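Because the structure is predicted, anything quoted here is derived from the model rather than measured.
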Amino acid sequence: MFIYDSVKKSKLRFEPQNEGKVSLYVCGPTVYDDAHLGHAKSALVFDLLRRVLEGEGYEVFFARNITDIDDKIINKALQSGLSTTEIAQRYSEAYHQDMAAIGVLPPTLEPKATESIDAMCEMIQKLLDKGHAYTISNGDIYFDTATDKGYLSLSNRQSDDNVSRVEKVSEKRHEADFALWKAVHDDSVSFDSPFGKGRPGWHLECSAMIERYVRSGDHPYAIDIHGGGADLLFPHHENEAAQTRCSSNHELAKYWMHNGFVTIGGEKMSKSLGNSFFLKDALKAYDGEVLRFYLLSTHYRGDFNFNEEDLIASKRRLDRLYRLKKRLFGLNAPIVETDLKQSLLEVLGDDLNVSKAYALIDEFVTSANEKLDAAPKDKTLRSVLLSSFDTLNTLLGFGGQNPYAYFQFGLDEATKARINELIDKRSEAKKIKDFAASDALRDELTAMGIAIMDTPEGTVWEIRD
RNA sequence: GGCGGCAUAGCCAAGCGGUAAGGCAUGAGCCUGCAAAGCUUUGAUCCCCGGUUCGAAUCCGGGUGCCGCCUCCA
């Protein structure tokens with residue numbers, strides 16, 4: 001496996017610190033709102049990475065945190081009249097639902113910030129003890145960036161005035177210093193700590209939870225791979241790395257991976273631009289698997305410009321796969337090793353080259369159709385083809401559905417019954433060669449957005465875009 | 001201002017020095033009662049200029065145009 005390290009800026013052979021095992025940590029959501037397509041993309045990229053690593057035989061420990069306490073959650077709670085716990089719970093559940101809908105496997109561990117306060121306090125104490133942190137008069141605790149000789153090495157920045165836009169706090173020693181602990185003096189949400197009541201800084205969360213829950217063995221790095229969106233490289237990951245480096249005797253991650261943004265109209269999705277696209281809304285119109293296939297279809301490091309035309313083109317590509325699966329429907333066959341698995345692992349093992357993987361799948365579909373035309377009854381062939389679908393489903397997370405259900409997304413039972421009724425009538429008309437009548441019935445189905453195709457096994461139908 | 005990314009057929013998109021993958025759309029053919037589906041087939045010299053090389057989309061230099069990070073952010 002080769003992965004591109006976004007800190008070293010080169011593609012490296014992946015070598016885990018513990019033989020046969022991978023520790024992977026990805027920054028998860030702050031649960032104050034629904035997940036948008038950008039969250040989906042990030043989750044999908046690292047879900048794919050996890051599947052590929054597992055496909056290569058590694059035992060993967062995949063941690064993804066949930067930030068369930070944060071100013072944004074507090075603000076949302078104030079607006080809605082609910083408690084921060086209720087807000088966090090609501091959006092955590094929504095997040096889990098949305099991720100499940102697009103086939104993102106649950107992580108091995110999903111630590112919550114509010115349940116890890118003691119781990120954070122422990123790290124703060126270490127930083128205080130070692131002189132990397134200081135307390136100001138109001139009780140806030142800051143990380144002293146000047147004491148970390150490695151600071152800014154991650155994001156390749158100069159330590160000058162370029163980091164001057166962070167919140168002005170007069171007592172801070174350096175402008176770039178960031179909060180580890182924010183003291184709370186009123187009755188807003190707070191946690192007890194050796195430093196008094198307060199709330200943890202966001203950056204601290206990941207470092208502390210990694211140290212507490214994910215690190216395994218005494219190695220130069222706490223974990224193998226740390227991932228997240230490209231916008232997290234600075235300051236979030238820079239700060240995480242600094243905290244870990246200064247509180248312990250190791251670096252945070254051996255490899256850093258950052259995924260590109262989902263853009264709309266060429267611009268990054270953001271609330272201020274008003275171009276956020278919630279996953280749950282996309283899921284109303286499209287099968288989660290269609291969204292997964294589309295969002296995963298280009299290389300993870302590049303930006304992904306979302307638009308519906310491309311989504312539909314992408315769906316047509318996935319449709320081909322499911323039409324092939326229809327031809328295998330109703331067959332039970334043992335799962336065997338497939339060449340497809342090997343060739344997919346080869347290209348995906350090259351920094352997740354999904355474009356090549358998709359090309360392989362296209363070629364698989366074409367050749368499978370040809371072979372089925374030539375030998376429709378060949379049981380060995382069918383067994384291999386079905387096994388290939390199993391491979392796809394395991395490795396890439398699509399192709400696992402019932403193919404008929406796939407083509408009937410979103411239709412209610414009454415409509416399906418109506419469609420079948422029309423198709424039966426048409427079949428009868430065809431039988432007596434009343435083509436005028438059968439074509440009229442087909443037109444009626446077309447008007448309903450239904451395409452039909454006559455096959456040796458009878459007439460089948462699909463929803464059209 | 002500092003740092004970084006991108007620019008390949010109508011559209012999406014691989015490519016990492018050896019003569020342009022794949023998909024969608026389009027035209028043609030086979031198949032079909034006709035369709036659809038499936039299969040076959042059709043098309044780009046790679047933003048511009050200069051350089052290195054036997055050879056460059058791929059390396060170097062200079063432009064142009066987009067985008068991002070530097071503030072919460074996947």
Return the value, rounded to whole Å, for the distance between atom CG of A:Leu321 and atom P of B:G22. 18 Å
To the nearest Å, give me how far apart CD (A:Glu240) and P (B:C73) are. 10 Å
Pairwise C1' distance, B:A13 and B:G22 [rounded to whole Å]: 8 Å
What's the OH-C1' distance between A:Tyr300 and B:A13, to the nearest Å? 17 Å
Separation between the C1' atoms of B:C12 and B:A28, rounded to whole Å: 24 Å
From the options B:C73, B:C34, B:A74, select the nucleotide whose nearest atom is closest to the side chain of A:His203. B:C73
Is it the case that A:Thr366 and A:Arg320 place a side-chain donor and acceptor less than 3.5 Å from each other? yes
A:His236 or A:Phe304, whichever maps to the more 5' nucleotide of RNA chain B: A:Phe304
Between A:Phe261 and A:Lys268, is there a cation-pi geometry (under 6.0 Å to ring centre, at most 45° from the normal)? yes
Regarding B:C73, can its base be found pairing with the side chain of A:Lys268 as donor and acceptor, where the two atoms are less than 3.5 Å apart? yes
Would you measure the distance from the P atom in B:C6 across to the matching atom in B:U58 and give it in whole Å? 13 Å
Whom does B:G4 pair with, Watson-Crick or G-U wobble, provided both distances fall under 3.5 Å? B:C67
Specify the separation, in whole Å, of atom CZ of A:Phe364 and atom P of B:G38. 14 Å
Which nucleotide in the list B:C39, B:G22, B:A74 gets nearest to the side chain of A:Arg320? B:C39
Ignoring hydrogens and geometry beyond distance, is a side-chain donor-acceptor pair present between A:Tyr294 and A:Glu289 at under 3.5 Å? no
Please work out if A:Glu363 contacts a base, only the sugar-phosphate, or nothing of the nucleic acid, heavy-atom cut-off 4.0 Å. sugar-phosphate
Would you tell me whether A:Asn353 and A:Asp350 have side-chain atoms, one donor and one acceptor, within less than 3.5 Å of each other? no
Quick one: is A:Arg442 getting a side-chain N or O under 4.0 Å of the B:C34 phosphate, OP1 or OP2? no
Ignoring hydrogens and geometry beyond distance, is a side-chain donor-acceptor pair present between A:Tyr32 and A:Asn75 at under 3.5 Å? no
How far, in whole Å, is B:G50 from B:A25 if one measures between their C1' atoms? 38 Å
Can you tell which of B:C39, B:C70, B:G22 lies closest to the side chain of A:Asn369? B:C39
Could you tell me the separation between the NE2 atom of A:His299 and the P atom of B:C12, rounded to a whole number of Å? 18 Å
Choose from B:A36, B:A74, B:C11 the nucleotide whose nearest atom is closest to any side-chain atom of A:Leu232. B:A74
Are any of A:Trp461's side-chain N or O atoms less than 4.0 Å away from OP1 or OP2 of B:A36? no
Give a yes/no verdict on a cation-pi contact between A:Lys11 and A:Phe2, requiring under 6.0 Å between NZ or CZ and the six-membered ring centre and an angle within 45° of the axis. no
Select base, sugar-phosphate, or nothing to describe what A:Asp439 touches, counting heavy atoms under 4.0 Å on all strands. base
A:Lys356 side chain: which of B:A35, B:C73, B:G15 is closest? B:G15
Could you state the atom-to-atom distance from OH of A:Tyr95 to C1' of B:A74 in whole Å? 8 Å
Rounded to whole angstrom, note down the P distance from B:C31 over to B:C48. 45 Å
What does A:Lys315 touch in the nucleic acid at a heavy-atom separation under 4.0 angstrom: a base, only the sugar-phosphate, or nothing? nothing
In terms of side-chain heavy atoms, does A:Tyr406 have a donor or acceptor partner in A:Asp319 at a distance below 3.5 Å? yes
For A:Gly229, report the nucleic acid contact type (base, sugar-phosphate, nothing); a contact means any heavy atom under 4.0 Å. sugar-phosphate
Reckon A:Ala359 touches a base, only the sugar-phosphate, or nothing at all at heavy-atom distances under 4.0 Å? base
Give A:Val354 one of three labels, base, sugar-phosphate or nothing, depending on what nucleic acid heavy atoms sit under 4.0 Å from its own. nothing
Which value, in whole Å, describes the distance between the C1' atoms of nucleotides B:U41 and B:C46? 24 Å
Could you run down the sub-3.5 Å N/O contacts of the protein with nucleotides 40-48 of chain B?
from  : atom 1 : to       : atom 2 : distance (Å)
B:U40 : OP1    : A:Glu370 : OE2    : 3.3

Determine the contact category for A:Asp310: base if any of its heavy atoms lies under 4.0 Å from a base atom, sugar-phosphate if only primed atoms, P, OP1 or OP2 are that close, otherwise nothing. sugar-phosphate
Going by atom types alone, do A:Ser297 and A:Ser314 pair a side-chain donor with an acceptor below 3.5 Å? no
Rounding to an integer number of Å, can you tell me how far A:Arg426 CZ sits from B:A36 P? 12 Å
What's the gap between B:C30 and B:G17 when it is taken at their P atoms, as a whole Å value? 44 Å
Could you check whether A:Arg301 makes a cation-pi contact with A:Tyr4, meaning its NZ or CZ is under 6.0 Å from the centre of the six-membered ring and within 45° of the ring axis? yes
Determine whether the side chains of A:Asp148 and A:Gln243 contain a donor N or O and an acceptor N or O closer than 3.5 Å. no
Decide if the gap between the ring center of A:Tyr25 and the ring center of A:His226 is smaller than 6.0 angstrom. yes
Return the nucleotide paired to B:U32: Watson-Crick means purine N1 to pyrimidine N3 with N6-O4 or O6-N4, wobble means G-U with N1-O2 and O6-N3, both under 3.5 Å. none
Nearest-nucleotide pick for A:Ser438, side chain only, options being B:A13, B:A36, B:G33: B:G33
Using a 4.0 Å heavy-atom cut-off, does A:Asp454 contact any base of the nucleic acid, only the sugar-phosphate backbone, or nothing at all? base
Are A:Asn156 and B:G4 close enough that a side-chain N or O sits under 4.0 Å from OP1 or OP2? yes
Minimum-distance nucleotide to A:Ser355 side chain [options: B:C73, B:C24, B:A13]: B:A13
Taking the P atom of each, how far is B:U45 from B:A36, in whole Å? 31 Å
Take atom NZ of A:Lys379 as the centre, draw a 6.0 Å sphere, and report whether it contains more than 12 heavy atoms from other residues, nucleotides or ligands. no
Are A:Phe261 and the base of B:A74 stacked, counting only ring centres nearer than 5.5 Å and planes tilted under 30°? no
Using Watson-Crick or G-U wobble geometry with both distances under 3.5 Å, which nucleotide pairs with B:A20? none
5'-most contact on RNA chain B: A:Gly260 or A:Ser314, nearest heavy atom basis? A:Ser314
Protein and nucleotides 16-20 of chain B: nitrogen or oxygen contacts under 3.5 angstrom:
from  : atom 1 : to      : atom 2 : distance (Å)
B:C16 : N3     : A:Lys11 : NZ     : 3.3
B:C16 : N4     : A:Lys11 : NZ     : 3.2

Between A:His237 and A:His203, is the ring centroid distance below 6.0 Å? no
Tell me the partner of B:A44, counting only Watson-Crick (N1-N3 plus N6-O4 or O6-N4) or G-U wobble (N1-O2 and O6-N3) with both under 3.5 Å; none if nothing fits. none
Say whether A:Asp34 and A:Tyr95, considering side chains only, have a donor N or O and an acceptor N or O under 3.5 Å apart. no
By the Watson-Crick or G-U definition, both distances under 3.5 Å, B:C59 is matched with B:G51
CZ of A:Arg323 versus C1' of B:G23: gap in Å, rounded? 13 Å
